[in-house]
Amino acid sequence: MTAELHSRRTVLTTGAAVAGAAVGAVALSACGSDSPSSGSAAAPPAAAPGETLTALADIEVGQAKAAKTADGKDVIVTRTAEDAAAAFSAICTHQGCAVVPDGAELKCPCHNSVFDAKTGAVKKGPADQPLPSIAVKVANGQVVTA
């Protein structure tokens with residue numbers, strides 16, 4: 001009878017270990033995927049021409065601000081000069097996390113990629129593609145899609 005109990009215990013323990021490993025593998029594969037996890041980071045958010053993203057006065061020259069398109073897509077707007085701005089998708093090209101403005105840089109909180117806020121270029125990986133740009137212009141003090 002002792003051998004029978006040991007056998008059941010071994011089966012249950014092994015089963016629990018296998019189940020735990022499977023859950024761990026799923027969690028790791030979500031982090032290790034080569035493609036972005038949310039939507040397509042390669043394509044900028046589609047925005048209708050003339051859509052207001054933010055007021056130019058809300059951004060200091062050389063700084064960036066997170067914004068959203070009318071349909072809720074995350075974008076970054078950077079004031080590149082006194083009367084000019086640039087905009088990029090806020091979705092990191094590495095794994096699809098939203099980047100955060102930090103002075104003249106955009107930082108991904110998930111894997112520490114760093115992008116230039118003026119150009120969207122990668123300054124530090126693991127991302128190896130720039131943030132997709134969004135055509136914008138300044139009209140009546142507002143940054144609007146072009």
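A quick note: this is a predicted structure, and the numbers were derived from the prediction, not measured. Side-chain atoms are counted along with the backbone in the values below, which use heavy atoms only and exclude waters and symmetry mates.
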Please confirm whether the backbone N or O of [Y] pairs with a side-chain atom of [X], one donor and one acceptor, at under 3.5 Å?
{"X": "Thr145", "Y": "Glu51", "answer": "yes"}
{"X": "Ser89", "Y": "Ile91", "answer": "yes"}
{"X": "Ser113", "Y": "Ala127", "answer": "yes"}

Separation between [atom1] of [X] and [atom2] of [Y], rounded to the nearest 0.5 Å:
{"X": "His94", "Y": "Cys108", "atom1": "NE2", "atom2": "SG", "result": "8.0 Å"}
{"X": "Thr78", "Y": "Leu131", "atom1": "OG1", "atom2": "CG", "result": "9.5 Å"}
{"X": "Asp58", "Y": "Leu53", "atom1": "CG", "atom2": "CG", "result": "12.0 Å"}

Can you give me the closest heavy-atom contact between [X] and [Y], atom names plus distance?
{"X": "Ala85", "Y": "Val143", "result": "CB-CG2, 3.8 Å"}
{"X": "Val99", "Y": "Cys92", "result": "CG1-CB, 4.0 Å"}
{"X": "Thr80", "Y": "Ala86", "result": "CG2-CB, 3.9 Å"}
{"X": "Lys65", "Y": "Ile59", "result": "CB-CG1, 3.9 Å"}

* To do: Quick one: list whatever passes side-chain hydrogen bond (donor to acceptor under 3.5 Å, both in side chains) with Lys137, sequence neighbours left out.
  =>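 Applying side-chain hydrogen bond (donor to acceptor under 3.5 Å, both in side chains) to Lys137 gives none.
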
* Which residues pass the side-chain hydrogen bond (donor to acceptor under 3.5 Å, both in side chains) test with Glu82, sequence neighbours left out? ->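 Per chain and number, Glu82 pairs via side-chain hydrogen bond (donor to acceptor under 3.5 Å, both in side chains) with Arg79.
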
* Between His111 and Gln95, does a side chain to side chain contact (heavy atoms under 4.5 Å, CB included) hold up when you go through it step by step? -> CA-CA 8 Å; His111 299 104; Gln95 290 288 315; 3.6 Å; yes

* **Flag side-chain contact, heavy atom, 4.5 Å: Val136 against Val77** =>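 No, side chains not in contact.
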
Which donor-acceptor pairs under 3.5 Å do the side chains of residues 116-126 make with protein atoms, sequence neighbours left out?
unit_1, atom_1, unit_2, atom_2, d
Asp116, OD1, Lys118, N, 2.7
Asp116, OD1, Thr119, N, 3.1
Thr119, OG1, Ala121, N, 3.1
Lys123, NZ, Glu105, OE2, 3.0
Lys124, NZ, Asn112, O, 3.1

* Could you state whether Val138 and Ile134 fall into the same hydrophobic cluster, counting links through intermediate Ile, Leu, Val, Met, Phe, Trp or Tyr residues with side-chain heavy atoms under 4.5 angstrom apart? =>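 Yes, same cluster.
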
* Indicate, with yes or no, if Val144 and Phe88 share a hydrophobic cluster defined by side-chain heavy-atom contacts under 4.5 Å among Ile, Leu, Val, Met, Phe, Trp and Tyr. =>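 Different clusters: Phe88 never reaches Val144 through Ile, Leu, Val, Met, Phe, Trp or Tyr contacts under 4.5 Å.
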
* Single hit among Val114, Val100, Ile76 for side-chain contact (heavy atoms from CB on, under 4.5 Å) with Leu106 ->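 Single side-chain contact (heavy atoms from CB on, under 4.5 Å) partner of Leu106 among Val114, Val100, Ile76: Ile76.
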
